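Notes to accompany the following structure.
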Amino acid sequence: MEEIRNQIDHIDLEIIRLFAKRSDYVHEIVKFKTDEESVIAIERKELVIRQRAEWANAVGLDKQTFEDIYTRLLQQNISEELLLLQEKK
């Protein structure tokens with residue numbers, strides 16, 4: 001059982017590293033955004049949430065769980081981007 005837990009821990013660490021890499025790109029994309037509307041990008045946000053939920057579902061994961069995860073993640077990304085946008089001005 002300990003070996004399985006270690007493997008899960010390893011996978012979780014990799015997932016977190018990937019989220020950190022994703023965050024780096026979020027910070028980069030702000031350089032191309034000029035206003036709050038471009039940061040919030042409602043249509044893009046809705047597409048990403050819906051698409052990631054479908055991707056999860058396609059591999060046998062709970063669609064709602066991943067919709068919730070990405071909703072929270074994108075809310076956080078938008079908050080960070082808005083702060084970075086303010087700093088640019």
Side-chain angles (χ1 to χ4, degrees):
M1 188 162 71
E2 192 63 30
E3 178 59 30
I4 294 170
R5 286 181 175 157
N6 288 338
Q7 290 301 317
I8 291 170
D9 291 347
H10 177 75
I11 291 167
D12 287 346
L13 179 57
E14 289 302 309
I15 291 168
I16 289 168
R17 286 179 177 150
L18 288 170
F19 275 120
K21 186 174 182 177
R22 186 185 191 285
S23 180
D24 291 342
Y25 283 105
V26 168
H27 289 120
E28 281 297 310
I29 204 164
V30 172
K31 295 176 184 175
F32 302 98
K33 296 183 178 184
T34 57
D35 56 25
E36 286 187 20
E37 186 177 334
S38 64
V39 168
I40 295 170
I42 293 172
E43 289 178 16
R44 171 69 180 159
K45 177 184 171 185
E46 291 172 354
L47 171 68
V48 169
I49 293 168
R50 189 172 54 251
Q51 187 179 53
R52 282 16 172 217
E54 290 298 329
W55 289 351
N57 189 58
V59 297
L61 297 171
D62 183 66
K63 182 178 178 176
Q64 186 62 52
T65 298
F66 284 86
E67 188 173 304
D68 294 346
I69 289 168
Y70 274 88
T71 297
R72 179 67 186 111
L73 178 65
L74 293 180
Q75 287 171 341
Q76 177 61 31
N77 290 160
I78 289 168
S79 294
E80 286 182 42
E81 286 184 43
L82 288 171
L83 287 173
L84 291 168
L85 182 67
Q86 296 260 331
E87 290 172 7
K88 274 182 18 177
K89 292 182 176 183

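What's counted below: heavy atoms across the whole structure, side chains too, no hydrogens, waters or symmetry copies. Because the structure is a prediction, the values reported are computed rather than measured.
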For [X], look at atom [atom1] and say whether over 12 heavy atoms of other residues, nucleotides or ligands are found less than 6.0 Å away.
{"X": "Glu14", "atom1": "CD", "answer": "yes"}
{"X": "Ile42", "atom1": "CD1", "answer": "no"}
{"X": "Leu13", "atom1": "CG", "answer": "yes"}

(request) Check for a donor-acceptor pair, side chain of Ser23 on one end and backbone N or O of Phe19 on the other, with a separation under 3.5 Å. (result) no

Working to the nearest 0.5 Å, report the span between [atom1] of [X] and [atom2] of [Y].
{"X": "Gln51", "Y": "Tyr70", "atom1": "CD", "atom2": "OH", "answer": "10.0 Å"}
{"X": "Glu3", "Y": "Gln7", "atom1": "CD", "atom2": "CD", "answer": "5.0 Å"}
{"X": "Ile11", "Y": "Asn6", "atom1": "CD1", "atom2": "CG", "answer": "11.0 Å"}

In one Ile/Leu/Val/Met/Phe/Trp/Tyr side-chain cluster, 4.5 Å: [X], [Y]:
{"X": "Val48", "Y": "Ile69", "result": "yes"}
{"X": "Ile40", "Y": "Tyr25", "result": "no"}
{"X": "Ile49", "Y": "Leu73", "result": "yes"}

(request) With sequence neighbours left out, write down each residue that passes side-chain contact (heavy atoms from CB on, under 4.5 Å) with Val39, or none if nothing qualifies. (result) Lys33, Ile78, Glu81, Leu82, Leu85

(request) For Ser38, enumerate each residue passing the side-chain hydrogen bond (donor to acceptor under 3.5 Å, both in side chains) test, keeping only those at least two apart in sequence or located in another chain. (result) Asp35

(message) Tell me every residue that passes side-chain hydrogen bond (donor to acceptor under 3.5 Å, both in side chains) with Arg22, counting only those two or more places apart in sequence or in another chain.
(response) Asn77

List the atom pairs, donor and acceptor, that lie under 3.5 Å between side-chain atoms in residues 52-60 and the rest of the protein, sequence neighbours left out.
from	atom 1	to	atom 2	distance (Å)
Glu54	OE2	Lys63	NZ	2.5

(request) Locate the shortest heavy-atom distance separating Asp68 from Gln64; write the atom from each residue and the value. (result) OD1-NE2, 2.7 Å

(request) List for me each residue that meets salt bridge (charged side-chain N to carboxylate O under 4.0 Å, His left out) alongside Arg5, sequence neighbours excluded, and say none if there are none. (result) none

(message) Clusters formed by hydrophobic residues whose side-chain heavy atoms approach within less than 4.5 Å: which one holds Ile29, and what are its other members?
(response) none

(request) Test side chain to side chain contact (heavy atoms under 4.5 Å, CB included) on Lys45 and Gln75 and set out the steps. (result) CA-CA 9 Å; Lys45 177 184 171 185; Gln75 287 171 341; 4.3 Å; yes

